[in-house]
Amino acid sequence: MASSPSLHRLDDQSAAQWQEALFDDLVRKDPLEAFGRGPMQEHLWRKRSALATAYADAKAPSLDVGCGNGRVVSDLAATNPARVVGIDVSAECVRYASAHSSRPNASF
């Protein structure tokens, strides 16, 4: 894996390795900016959280694949008593989400 990720995948990198390195680097630099800021991004986060909350079964665990900074997992865990798990290809995303989640039923 390359030590300094770029926007272009190296010949010896799988797509997953390239994406992991790219997101790890973005999140290390600025964990909030890596996911975008502004009114449109806020609208999309609220919409995604509302959909997750509407369709989650309060008696069954939920899984957020590609959880990023963990915001949707935390929102869902706040309204859903069941366990909520977030996974992401980026170890930095998982680290950030774990460090910033205060919900006991949320894990990353």
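Between the side chain of Ser101 and the backbone N or O of Ala97 there is no donor-acceptor pair closer than 3.5 Å. Put simply, the side chain of Asp88 gets close to the backbone of Gly68: a donor and an acceptor are under 3.5 Å apart. In this structure, the side chain of Thr79 engages the main chain of Leu76 through a donor-acceptor pair within 3.5 Å.
No more than 12 heavy-atom neighbours from other residues, nucleotides or ligands sit within 6.0 angstrom of CZ on Arg83.
Residues Val73 and Val94 share a single hydrophobic cluster, defined by chaining ILVMFWY side chains whose heavy atoms lie under 4.5 Å apart. When the side chains of ILVMFWY residues are joined at heavy-atom separations under 4.5 Å, either directly or via intervening members, Val85 and Val65 end up in a single hydrophobic cluster.
Minimum interatomic distance between Asn105 and Ala82 (heavy atoms only, all atoms of both residues): ND2-O, 3.0 Å. Across all non-hydrogen atoms, the minimal contact from Glu20 to Ser90 is CG-CA, 4.3 Å. For the pair Asn80 and Asp57, the tightest heavy-atom approach, listed with the atom from each and the gap, is ND2-O, 3.7 Å. Residues Ala106 and Ala77 approach most closely at CB-CB, 3.9 Å, considering heavy atoms.
In this structure, Lys47 does not pair ionically with Glu42, as no charged nitrogen and carboxylate oxygen lie closer than 4.0 Å. Ion pairing between a basic and an acidic side chain is recognised when a charged N comes within 4.0 Å of a carboxylate O; Asp64 and Arg48 show such pairing.
The structure places CZ of Arg71 at 10.0 Å from OH of Tyr96, a figure rounded to the nearest 0.5 Å. Here the CZ atom belonging to Phe108 is positioned 8.5 Å from the CG atom belonging to Asn69, to the nearest 0.5 angstrom. For the atom pair CG (Asp24) and CZ (Arg95), the distance works out to 9.5 Å, reported to the nearest 0.5 Å.
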